[in-house]
Amino acid sequence: MPTLPDFAERTPDKPALVMAGSGEVVTYAELEAGSNRFAHLLRALGIRAGDHIAFFVENHPRFFELCWGAKRAGLYYTAISSYLTAGEVAYIVNDCGARLFVSTGYKRDVAVAVPPHCPKLEHRLLIDGAAGGFDSYEDAVAAQPVGRIADEVEGTDMLYSSGTTGRPKAVKRPLQGMAFGTHEPALAMLADAVGLHRDMVYLSPAPLYHAAPLRYNMASVSRGATSIVMERFDAAHSLELIERHRVTHSQWVPSMFVRMLKLPEAERTRHDLSSHVTAIHAAAPCPIPVKEAMIDWWGPILLEYYGGTESNGLTLINTEEWLQHRGSVGRPVVGVARIVGEDGTELPPGKTGTIYFSDGPAFEYFNDPERTAEAYDARGWSTLGDIGYLDEDGYLYLTDRKSFTIISGGVNVYPQEIENLLITHPKVADVAVIGVPSAEFGEEVKAVVQPLAMADAGDALADDLTAFARRNLSGIKVPRSIDFMEALPRHPTGKLYKRLLKDRYWGKRDSRIV
């Protein structure tokens, strides 16, 4: 199958990526030359296949130059969230054993504070300038040849979780010593399933350091397509980009859908979206009313999948299937989905338990054998810690994460169901449901709401939301209290930092507006 060098030869002037805000274009020839120079630089620094490097880079025109250079040099490359603090970045750099750390002028203030905490870090480079012990990336690569290195071999990413339930953990997949350009079977299957091809235009609205955007963009280049990379997500700008670039494929998280749906009607309807044939979404369960509204608006082009950075299993569902199995995340296309009860027995259809996959790719959490062992059971089945059930037709439904479950009076309450309802209220922009201490029940349900207008925060809206929940949920699921925030601590990839939220709100009772 063709890959980057082939497309650089066949279509050298075709845009591999376009930065949505600045309009800067990186052609296939430029990406090939830049990644070759970086691969040569890696070898000149003594970095060999199987070594680790890390970069702390925002959505930047040279982001994929780093990825492709590391990939063809047979490395593990770790893209670090550009929203982390210096201490958090240093933890990852140390944990992955990075020999080289790359950042940008935009992230300079944080980046220069990292190396003092990383005694084993050997090399550091800064894109868009040099400062604080960092050499200039541009100067370093300019001295390197544009031809391919002699010892190309396939490398891979080693990405860290966003740390929503504790310290970030890295997922390490074994390097196979395959020839450069060989596609991992699970990722190639997903690319085929969603129809990635050389004539498509792919809109990427999310941070590139996250697994799905990184891998989809890498797969798009592997197929010879063009990616439109947003520096940051903006609901109205996304719609404008679909029209301007005649976008055919895109990838989203449900919180992005919510923001687009709550745009003014005139803004939502004024763009020509007719080129748009596939809208992929994942990362978090999509509330049924939200997905129904998106289908009504965009048509039957939504394609949902469920899987993790671990790639231990994968489900997929198209719009037609979803309309027959509303709320499902699909049937497995990688691995076999299993639902396991508290006693370790496999549960029948309709019964809720922990989701495991058998017969899927193996993985390990880097430097964490204990957490790796916890992810597997005695049969070798692996789990991401999510809860759900299968229907009679084998379609998987997500209920929540095990760590988020609220146990109130001995009854399991799953926050996701409550969040999925409250987000549909016209005055709600975002919502999180957590458990807080209760003398009577052990835990009780609290909703933390980001209103569309902060001026609405207060008793009247809290009472309205409580009544709304009571009309649609059983009594134990109705929030006993509702707090308001200007913005929830949500990761740009759509994940909510519930651990931080629970820490902030545990036992707090003095104010509804915080």
Side-chain angles (χ1 to χ4, degrees), residues 1-41 55 57-73 77 79 102 104 127-128 137-138 141-142 144 146-149 152 154-157 180-184 187-188 190-192 194-231 241-242 244-251 275 278 280:
M1 181 180 292
T3 188
L4 173 59
D6 302 301
F7 291 115
E9 182 178 352
R10 298 174 190 176
T11 55
D13 298 326
K14 181 177 181 177
L17 62 103
V18 179
M19 300 305 296
S22 68
E24 183 172 347
V25 174
V26 178
T27 67
Y28 270 89
E30 290 168 337
L31 182 57
E32 170 72 0
S35 64
N36 280 332
R37 285 194 176 100
F38 184 49
H40 278 288
L41 175 62
F55 41 94
V57 176
E58 73 278 10
N59 284 15
H60 188 284
R62 303 194 89 147
F63 191 100
F64 288 110
E65 181 177 308
L66 301 176
C67 295
W68 280 99
K71 180 179 172 68
R72 69 197 314 152
Y77 55 97
V102 184
T104 67
I127 299 170
D128 302 329
Y137 175 86
E138 288 82 359
V141 296
Q144 304 300 323
V146 298
R148 299 166 70 171
I149 59 174
E152 281 186 340
E154 187 76 359
T156 191
D157 60 64
F180 169 64
T182 305
H183 302 286
E184 296 179 46
L187 297 181
L190 182 58
D192 288 338
V194 302
L196 303 187
H197 57 84
R198 64 179 300 176
D199 296 322
M200 76 175 192
V201 178
Y202 170 65
L203 178 63
S204 182
L208 295 175
Y209 55 75
H210 192 254
L214 173 59
R215 293 171 183 172
Y216 270 110
N217 277 285
M218 294 292 282
S220 295
V221 170
S222 295
R223 300 296 172 95
T226 295
S227 289
I228 312 299
V229 179
M230 297 183 72
E231 286 86 348
L241 291 168
I242 294 173
R244 185 196 311 169
H245 294 283
R246 307 307 295 156
V247 166
T248 60
H249 292 63
S250 58
Q251 195 262 332
S275 64
T278 302
I280 308 157

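Computed from a predicted model, the values in this text were never measured in an experiment.
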Side chain to side chain contact (heavy atoms under 4.5 Å, CB included) between Ser250 and Ile242: does it pass, once the steps are laid out? CA-CA 9 Å; Ser250 58; Ile242 294 173; 5.5 Å; no
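- Taking CD of Glu32 as the start and CG of Asp6 as the end, the distance is 9.0 Å to the nearest 0.5 Å.
- Of all the heavy atoms in Gly147 and Asn36, the pair that sits closest is O-CB, 3.4 Å.
- In this structure, CD on Gln144 lies 11.0 Å from CD1 on Ile149, to the nearest 0.5 angstrom.
- Closest approach of Phe55 to Cys67, counting heavy atoms only: CZ-SG, 3.7 Å.
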Please report the C-alpha distance between Val201 and Arg246 in whole Å, then the side-chain angles of each, then the deciding distance to 0.1 Å, and finally whether the side chain to side chain contact (heavy atoms under 4.5 Å, CB included) criterion is met. CA-CA 7 Å; Val201 178; Arg246 307 307 295 156; 5.7 Å; no
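- Between Phe7 and Val221 the shortest side-chain heavy-atom distance does not fall below 4.5 Å.
- Contact of the Met218 side chain with the Lys71 side chain is registered, since non-hydrogen atoms from C-beta on lie closer than 4.5 Å.
- Between the side chain of His249 and the main chain of Ile280, no donor-acceptor pair closer than 3.5 Å is present.
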For residues 57-66, run the donor-acceptor check on the side chains, cut-off 3.5 Å, and write out each pair with its distance to 0.1 Å, sequence neighbours left out.
unit_1, atom_1, unit_2, atom_2, d
Glu58, OE1, Thr104, OG1, 2.7
Glu58, OE2, Thr104, OG1, 3.4
Asn59, OD1, Leu208, N, 2.9
Asn59, ND2, Ala206, O, 3.2
Asn59, ND2, Met230, O, 2.8
His60, ND1, Arg62, N, 3.0
His60, NE2, Asp128, OD2, 2.9
Arg62, NE, Glu65, OE1, 3.3
Arg62, NE, Glu65, OE2, 3.3
Arg62, NH2, Glu65, OE2, 3.1
Glu65, OE2, Tyr137, OH, 2.6

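- Residue pairs meeting the salt bridge (charged side-chain N to carboxylate O under 4.0 Å, His left out) criterion with at least one partner in residues 8-27, sequence neighbours excluded, do not occur; the list is empty.
- Residues Pro5 and Arg148 approach most closely at CB-NH1, 3.6 Å, considering heavy atoms.
- What you find for Ile228 and Ala20 is that their closest heavy atoms are CG2-CB, 4.1 Å.
- His197 and Gly195 get closest at one heavy-atom pair: CD2-O, 3.1 Å.
- Between the OG atom in Ser220 and the CZ atom in Arg198 there is a gap of 14.0 Å [rounded to 0.5 Å].
- For Thr226 (side chain) and Pro15 (main-chain N/O), a donor-acceptor pair under 3.5 Å exists by modelled atom type.
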Leu4 and Arg72: CA distance, side-chain angles, deciding distance, side chain to side chain contact (heavy atoms under 4.5 Å, CB included) verdict: CA-CA 10 Å; Leu4 173 59; Arg72 69 197 314 152; 4.0 Å; yes
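- The backbone N or O of Ser275 sits nowhere less than 3.5 Å from a side-chain atom of Thr248 that would complete a donor-acceptor pair.
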Evaluate the criterion side chain to side chain contact (heavy atoms under 4.5 Å, CB included) for residue pair Trp68 and Phe180; output intermediate values, then yes/no. CA-CA 10 Å; Trp68 280 99; Phe180 169 64; 3.8 Å; yes
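- Side chains of Glu30 and Leu17 form no contact here, defined as non-hydrogen atoms less than 4.5 Å apart.
- Judged purely by atom type and a 3.5 angstrom limit, Tyr28 uses its side chain to pair as donor or acceptor with the backbone of Ala225.
- Under the 3.5 Å distance criterion, the side-chain polar atoms of His245 are left unmatched by any main-chain donor or acceptor of Val247.
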